Structures are given as C-alpha cells and as structure tokens.
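A short worksheet on the structure shown next.
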Protein chains: 2
Amino acid sequence: MATRIRTERRADALSKARIVEAAIEILDADGESALTFRALATRLATGAGAIYWHVADKHDLLAAATDHVIAGVMAKVATGSDPREAIRTLALGAFDAIDAHPWMGGQLSSDPWQYAVLRILEGIGGQVQALGVREGEQFNAATALMNCILGLAAQYAAAERLPRDADRSAYLAVIAAHWMQLDPAQHPFVRQVAAQLADHDDREQFLAGVNLILGGIETVR
Amino acid sequence: MATRIRTERRADALSKARIVEAAIEILDADGESALTFRALATRLATGAGAIYWHVADKHDLLAAATDHVIAGVMAKVATGSDPREAIRTLALGAFDAIDAHPWMGGQLSSDPWQYAVLRILEGIGGQVQALGVREGEQFNAATALMNCILGLAAQYAAAERLPRDADRSAYLAVIAAHWMQLDPAQHPFVRQVAAQLADHDDREQFLAGVNLILGGIETVR
DNA sequence: ACCTGAACACCGTTCAAGT
DNA sequence: ACCTGAACACCGTTCAAGT
C-alpha cells in the first residue's frame with residue numbers, strides 16, 4: 001500500500017501564524033498605514049499573492065493579528081483571587097495591550113463578534129458571575145463592562161499615541177491653551193478642567209473609569 | 001475712495017459646509033468606503049482638486065462631518081431637569097446618532113481631542129457638576145462617562161450595522177449556534193449567554209450600561 | 001498544494017494651468 | 001481667490017503561470 005509522501009516543509013514555509021507575526025511587527029514598528037501586502041511580502045521574501053493563500057483579505061489579517069495579541073493577554077490574566085481585582089487586572093491588561101499596539105483600538109471596536117472580543121467577554125463574564133450578579137443581568141453587565149473597557153482603552157490609548165515624555169506635556173499645554181481660548185459661555189466645563197489636562201495620567205484615569213463601573217455593578221448584585 | 005468690489009458668489013459655490021453635507025450624504029447612503037474624493041467631486045459637479053481648497057485632507061473631512069452631526073445632537077439635548085435624566089438623553093442621542101451614521105463610530109474613537117468630542121465632554125461635564133461630583137473628581141468622572149458612552153455606542157452601533165429586522169434574528173441565531181460549538185471548558189460563560197443573544201435589544205443594553213456607570217458615579221459624589 | 005509577480009481597478013493628493 | 005483635471009505614487013486583490 002503506497003503511503004502518501006508528504007514533502008518536508010521548508011523551515012521557513014509560509015503559514016498564517018508567520019504572516020500574522022510579521023504583520024504585527026510591521027504594525028508595531030511603523031503603524032497601521034505601513035501594513036501593506038507589498039511590505040508584508042517583502043518582509044516574508046515572497047510574492048504579494050502568496051499571502052492570500054493563507055489569509056482571506058486585509059480585514060482577516062487585522063482580526064487575526066488582534067486575536068493573537070489578545071490571546072496572549074488573556075492567558076496571562078490570573079484567575080482566582082478577588083473578582084473585582086481580577087477585572088481590574090484584566091482591564092489593565094487590555095489597556096496596556098492597546099497602548100502597546102495602538103492599531104488594535106479601531107479593530108476591536110469595528111467588529112463586535114470577532115474572536116478576540118469573545119475571548120475578553122468570556123474572561124469578564126466569568127468574573128461577573130463570581131461577583132454574584134443575578135443570572136438575568138449577567139449578559140447585560142458583562143457586555144456593558146467589556147464595551148466600557150474597550151471604549152475607555154481605545155480612547156485613552158489613542159491619547160497616549162500622541163507625543164511621549166518631554167514632548168507630551170508641551171503638547172498637552174498647547175491643547176489646554178486652545179481650550180482656554182474657547183468661548184466661556186459655551187464651554188465653561190472644558191475651560192475649567194483645562195488646567196488639569198497637562199498633568200493627568202491616562203492609565204490612572206482609565207482605572208478610575210473602570211472602578212466607576214465596578215461601583216455600579218455592585219447595584220445589580 | 002474705491003470700495004473693494006466683492007464679486008457675487010454663485011448660489012452653488014463650493015464651501016466647506018456644502019462639501020461636508022455632500023460627504024455625509026454619501027457616507028450615510030453607501031458607507032465609509034464609498035466616500036472618495038472622486039465620488040464627492042462628481043456629486044458636487046467639480047474637480048477632485050477643488051475640494052482641497054476648502055478641506056485639508058480626508059481626515060479633516062471626516063472630522064468635520066462628525067462634528068456637524070454631533071453639533072446637531074448636542075443642540076437638541078434638553079438641559080435643565082434632572083442631571084441623570086439629562087445624561088441618559090445625551091447618551092441615547094449619541095447612540096442614535098452613531099446608529100444612524102455608523103461611520104462616526106471609528107471616527108469618534110480615533111482622535112480624542114477633535115472638536116466633536118469636546119462638545120460631548122462639555123455637555124457631560126455640565127451634568128456631572130450638576131450631579132454634585134467633587135470638583136477634584138469631575139474631570140475623571142466626565143471623561144470616564146464620555147469614553148464609556150462612546151465605547152458602548154460604537155460597539156452596539158457596530159452590532160446594529162449588521163443585518164436588520166427579519167434577517168437579524170436569523171443572523172444572531174447563526175452566531176449563537178457558533179458560540180454553542182465552542183469548547184465548553186474554555187468558554188462556559190459565552191455558551192451560557194448564547195441563548196440570550198437572539199432576542200436582546202442593543203439600545204436597551206446600551207442604556208443598562210449607562211445606568212451602571214451612573215450608579216458608580218453616585219459613589220464619588 | 002503552494003508560490004510568483006505582473007496586471008487590474010482603484011485610491012488620496014498634488015499642481016500647472018485656467019478664470 | 002477659486003476651480004479644473006490630468007498626473008503621480010501608491011493601494012488591495014486577482015489570476016495565469018509556474019513548481
């Protein structure tokens with residue numbers, strides 16, 4: 001009986017995993033606009049069309065890249081312990097991941113049922129149960145919590161994407177100055193908080209937001 | 001003394017306002033991918049390059065379109081009354097606006113200090129003050145509330161963008177069936193809530209999320 | 001089965017030339 | 001000052017042809 005001969009794969013053979021890895025490297029190094037099929041093909045030393053054998057299209061590629069990063073984050077999140085502490089850890093994990101890979105911000109909001117989102121929902125859902133939320137409210141509470149976390153993370157991560165360190169406070173000072181020039185009659189609140197803009201910490205503010213929702217969830221226990 | 005003669009503008013002269021209006025029509029009718037400078041130029045019966053006289057680039061165009069819609073929403077939001085009720089009205093206004101103009105979802109998350117976001121922050125900030133939040137917490141509370149609202153609205157609006165009405169429950173049934181096929185050991189929560197997916201109401205769930213944050217804000221009063 | 005790379009049908013943006 | 005539209009430098013995606 002003839003056994004089907006399986007030709008040995010070259011060590012550097014293309015695969016979805018290798019493509020996704022290379023895509024993430026490009027995205028992290030030079031941003032979303034740098035990820036083109038041509039740049040990816042060059043980096044992988046192949047033709048542009050070859051990528052389409054492993055990946056449906058660019059949307060699929062971005063979703064796979066996002067899922068790869070999120071899978072890593074969720075694997076690291078410690079379970080057990082206090083559910084509220086676990087949710088905070090998970091939220092900070094999402095924040096730091098989006099901060100490190102800003103291109104995920106838009107991706108996570110664009111497709112509510114991509115697998116990466118499902119992973120997060122599962123992680124949060126388990127903690128919501130552990131928190132003792134009534135069963136009928138669990139779906140609502142978990143999606144609300146997740147969507148708030150993703151929303152907060154995307155916004156604050158987008159803010160973090162702006163100039164860093166030394167340039168950062170100068171940049172924020174310019175924005176604050178711009179806010180101060182607004183019509184006081186129309187923008188009293190924004191003018192009032194402009195002073196706090198320069199030295200606020202996005203990560204801290206993010207965590208304050210998460211705590212706010214956690215406080216609200218106590219209500220539906 | 002010679003008076004400068006100002007040549008009469010043609011009634012249909014180009015202006016940023018007219019360009020933004022046409023852009024919104026294209027975006028609403030055929031989605032984000034349909035908005036090209038060529039399509040816009042054709043609709044405005046002009047050359048593609050003419051648009052650049054009034055608009056810096058595509059990013060500027062999207063920001064201006066978003067600001068135009070949000071300005072309309074904020075103008076309609078009733079002030080006075082109960083601050084919590086006002087926040088709910090404002091949140092639902094944002095939800096309905098993103099639902100009606102789904103292309104705004106990504107836009108609002110991408111640039112945290114665009115003018116449209118400032119308008120929303122101002123509206124929310126005023127209510128947060130009226131709610132009696134301590135002054136040192138107002139900035140945190142207002143940005144958290146706004147970012148949650150934008151995050152929730154973007155997610156739920158993205159979900160709403162999917163098939164409507166008759167097709168909708170069929171579509172959700174397919175997703176729920178897909179969830180049920182997941183490994184029970186790895187996805188117990190998602191499997192458990194899959195049953196609730198088919199007949200949930202995104203708008204209602206959004207409002208539940210907003211109420212959750214409002215509940216949390218009571219804490220920092 | 002998997003890869004190659006030229007070709008197709010587009011884009012956003014620029015700019016010399018017009019009025 | 002404002003508009004025209006061809007031209008430039010790209011894209012994502014397809015597909016006949018190769019191995």
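Only a predicted model underlies this, so the values are computations on that prediction, with no experimental measurement involved. Residue numbers begin at 1 in each chain, while the letters A, B, ... track the order of the sequences. The basis for the numbers below is simple: all heavy atoms, side chains too, and nothing from hydrogens, waters or symmetry mates.
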Exercise. Should Trp53(A) be listed as having a side-chain N or O under 4.0 Å from OP1 or OP2 of dC2(C)?
Worked result: yes
For this session: Might you confirm whether atom NE2 of His101(B) has over 12 heavy atoms from other residues, nucleotides or ligands at distances under 6.0 Å?
Result: yes
For this session: Select from Ala50(A) and Ala50(B) the residue whose nearest nucleotide in DNA chain D is closer to the 5' end of that strand.
Result: Ala50(B)
For this session: Using whole Å, report how far CG of Leu61(A) lies from P of dT13(D).
Result: 10 Å
For this session: Tell me, yes or no, whether the heavy-atom count around His200(A) atom NE2, taken from other residues, nucleotides or ligands under 6.0 Å, exceeds 12.
Result: yes
Exercise. Do any side-chain nitrogens or oxygens of His54(A) fall under 4.0 Å of OP1 or OP2 in dC3(C)?
Worked result: yes
Exercise. In whole Å, what is the span from the CG atom of Leu35(B) to the P atom of dG12(C)?
Worked result: 7 Å
Seminar exercise, completed: note: Arg18(A), atom CZ; dC2(C), atom C1'; distance rounded to Å ~ 14 Å
For this session: Looking only at side-chain atoms of Phe37(B), point me to the closest of dT13(D), dC3(D), dT13(C).
Result: dT13(C)
Exercise. So, for Tyr115(B) and His187(A), is the gap between ring centers shorter than 6.0 Å?
Worked result: yes
Problem set entry | Tyr52(A) side-chain proximity, nearest of dC3(D), dT13(D), dT14(C) | dT13(D)
For this session: Report yes or no: do Thr143(A) and Gln205(B) form a side-chain donor-acceptor pair below 3.5 Å?
Result: yes
For this session: Please report, rounded to the nearest Å, how far the C1' atom of dC2(C) is from the CG atom of Leu44(A).
Result: 14 Å
Exercise. Looking for any heavy atom pair under 4.0 Å, which part of the strands does Ile51(A) touch: base, sugar-phosphate only, or nothing?
Worked result: nothing
Exercise. Start at the 5' end of DNA chain C and walk down; is the nucleotide closest to Gly47(A) or to Ala56(B) reached first?
Worked result: Gly47(A)
Exercise. Do Gln192(A) and Gln138(B) have side-chain N/O donor and acceptor atoms under 3.5 Å apart?
Worked result: yes
Exercise. Which part of the nucleic acid, if any, lies within reach of Ala48(A) when heavy atoms closer than 4.0 Å are counted: base, sugar-phosphate only, or nothing?
Worked result: base
Problem set entry | Sugar-phosphate, base or nothing in reach of Leu40(B), heavy atoms under 4.0 Å | nothing
Problem set entry | dC11(D) - base-pair partner by Watson-Crick or wobble geometry, distances under 3.5 Å | none
For this session: Side chain of Arg38(B) only, please: which of dT13(D), dG12(C), dC3(C) is the nearest?
Result: dG12(C)
Seminar exercise, completed: For dA16(D), the nucleotide meeting Watson-Crick or G-U wobble distances (both under 3.5 Å) is dT4(C)
